Amino acid sequence: MKNSSALSEFILLGLSSDPYIQAILFVLLLLIYLLTLMGNFLMLLVITADSNLHTPMYFFLRQLSFLDLCHSSVTAPKILENMLSESKTIFVESCFAQAFFVFATGGTEACLLAAMAYDRYVAIGSPLLYGQVMSNQLCVGLVWVSWGLAFVDALINILLAVNLDFCEEQTIAHFSCELSSLFPLSCSDTSANFTLLLCSSVFHFFGTLVMIVSSYVRIVSTILRVSSTTGRSKAFSTCSSHLTTVILFYSSGFISYLLPTSGSSLEMIFSLQYSVITPMLNPLIYSLKNKEVKAAMARIFRKYFNPLL
């Protein structure tokens, strides 16, 4: 038996051991990661530069883009590095750090999506009071609470995990370090760790999901009272992007965190979607379905690039 202080590194099995498949996956994941960086940086640039987008909705969207940059950058670079390496190792300290930031950024995104759902409810349910209710102080406060709750929760889980003793078996049946993948390697009693992780996951996933569902129940109730078909369609369209993001995030996150760790291909796919693919899709969802964002991009292009043509 080796404890975590004596053990220097873990081995990440990754997505495949076949060199040919690894080469294909490397190119594919590199492309996805570059698109994630470009898409989210573009959203940050557009929302910051265009004064028409300085509203509570786009304030939260800017935070989501920054969060997606952080979330994907926690895992994607190491996945790509291991695909080019024969050893596929990660230092114990780096593994715990990665597990911490995966948990923290995922928890923050869950809280942020709940805040965005409340923002949509206020916009549709009380449009005349929207600017007064969703004040700058409230928006900033909701973001700080989202980051604070997630980081404190992640820190508590990690501090309990670093005291575990690990057996000679150092292989993690995953492409990244996550707490649920580390516990099976421990020779210690992990019942307290599993209980804490379960409670944290229930709080962040189900707690925020209840808030989101509650907001959308009220949104639907408000929309159904609108007499005109055009008004209903416009109200639903303002929520479609957020609802798509919620479905992608919670469906993949539920399977990644709340189901037993098995190392199966299906589990890997959903974990990959949660860690890498969803952060790439979010800016596409919000730009392709949003006329205001597309108009802002056009204005910025005309302002900065037309003089050069």
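Keep in mind that what you see is a predicted model, and the values were worked out from it rather than measured.
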*Determine whether the side chains of Arg218 and Thr222 contain a donor N or O and an acceptor N or O closer than 3.5 Å.*
no
*Tell me, do Leu272 and Phe175 make a side-chain contact under 4.5 Å, heavy atoms counted?*
yes
*Using ring pair (Phe, Tyr, Trp, His ring centres under 6.0 Å) as the criterion, list what pairs up with Phe41, not counting sequence neighbours.*
none
*Does any non-hydrogen side-chain atom of Val293 lie less than 4.5 Å from one of Tyr286?*
no
*asked:* For the CZ atom of Phe203 and the CG atom of Leu198, what is their distance to the nearest 0.5 Å?
replied: 14.0 Å
*Is the side chain of Thr278 donor-acceptor paired with the backbone N or O of Gln273 at a distance under 3.5 Å, no angle test?*
yes
*Taking Ser181 for its side chain and Cys177 for its backbone only, find out whether a donor-acceptor pair lies under 3.5 Å.*
no
*asked:* Side chains of Tyr33 and Ser73: any donor to acceptor distance under 3.5 Å?
replied: yes
_So does Phe10 get a backbone contact from the side chain of Thr89, meaning a donor-acceptor N/O pair under 3.5 Å?_
no
*Taking C-beta and beyond as the side chain, do Leu44 and Leu69 meet within less than 4.5 Å on heavy atoms?*
yes
*Are the side chain of Ser251 and the backbone of Leu248 linked by a donor-acceptor contact shorter than 3.5 Å?*
yes
*Is the backbone of Val122 close enough, under 3.5 Å, to the side chain of Ser126 for a donor and an acceptor to pair up by distance?*
no
_Straight-line distance of Phe26 CZ to Leu31 CG, nearest 0.5 Å_ = 11.5 Å
*Report yes or no: do Phe103 and Ile158 belong to one cluster of Ile/Leu/Val/Met/Phe/Trp/Tyr joined by side chain heavy-atom distances under 4.5 Å?*
yes
*Are Leu196 and Leu149 connected, step by step, through hydrophobic side chains (Ile, Leu, Val, Met, Phe, Trp, Tyr) whose heavy atoms are closer than 4.5 Å?*
no
*Partners of His242 by ring pair (Phe, Tyr, Trp, His ring centres under 6.0 Å), sequence neighbours excluded?*
Tyr216
*Does the Thr208 side chain pair with the main chain of Cys111, one donor and one acceptor, at a distance under 3.5 Å?*
no
*Please answer: with hydrophobic residues joined when any side-chain heavy atoms are less than 4.5 Å apart, are Val140 and Tyr118 in the same cluster?*
yes
*Decide yes or no for Trp147 and Leu67: does some side-chain heavy atom of the first lie under 4.5 Å from some side-chain heavy atom of the second?*
yes
*How are the rings of Phe249 and Phe205 set relative to one another: parallel (under 30°), tilted (30 to 60°) or perpendicular (over 60°)?*
parallel
*Enclosure of Phe91 CZ (heavy-atom neighbours >12, cutoff 6.0 Å)*: no
*Is Ile156 reachable from Leu197 through a run of hydrophobic residues whose side-chain heavy atoms are each under 4.5 Å from the next?*
no
_I'd like to know if Leu84 and Ile21 are part of one continuous hydrophobic network [Ile/Leu/Val/Met/Phe/Trp/Tyr, side-chain heavy atoms within less than 4.5 Å]._
yes
*Any chance the side chains of Tyr121 and Ser214 put a donor and an acceptor closer than 3.5 Å?*
no
*Under 4.5 Å between any side-chain heavy atoms of Ile219 and Cys239, yes or no?*
yes
*asked:* Any side-chain to backbone donor/acceptor pair from Asp68 onto Thr36? Under 3.5 Å, distance only.
replied: no
*Within-4.5 Å side-chain heavy-atom neighbours: Leu42 and Met297*: yes
*asked:* Quick one, Val143 and Leu112 - any side-chain contact, counting heavy atoms below 4.5 Å?
replied: yes
*asked:* Using side-chain heavy atoms (C-beta onward) and a distance below 4.5 Å, is Leu64 in contact with Glu109?
replied: yes
*Distance, nearest 0.5 Å, that separates CG of Leu35 from CD1 of Ile277*: 11.5 Å
*When you measure from the side chain of Gln98 to the backbone N and O of Val74, does any donor-acceptor pair fall under 3.5 Å?*
yes
*Would the number of heavy atoms belonging to other residues, nucleotides or ligands and lying under 6.0 Å from CZ of Phe66 be above 12?*
no
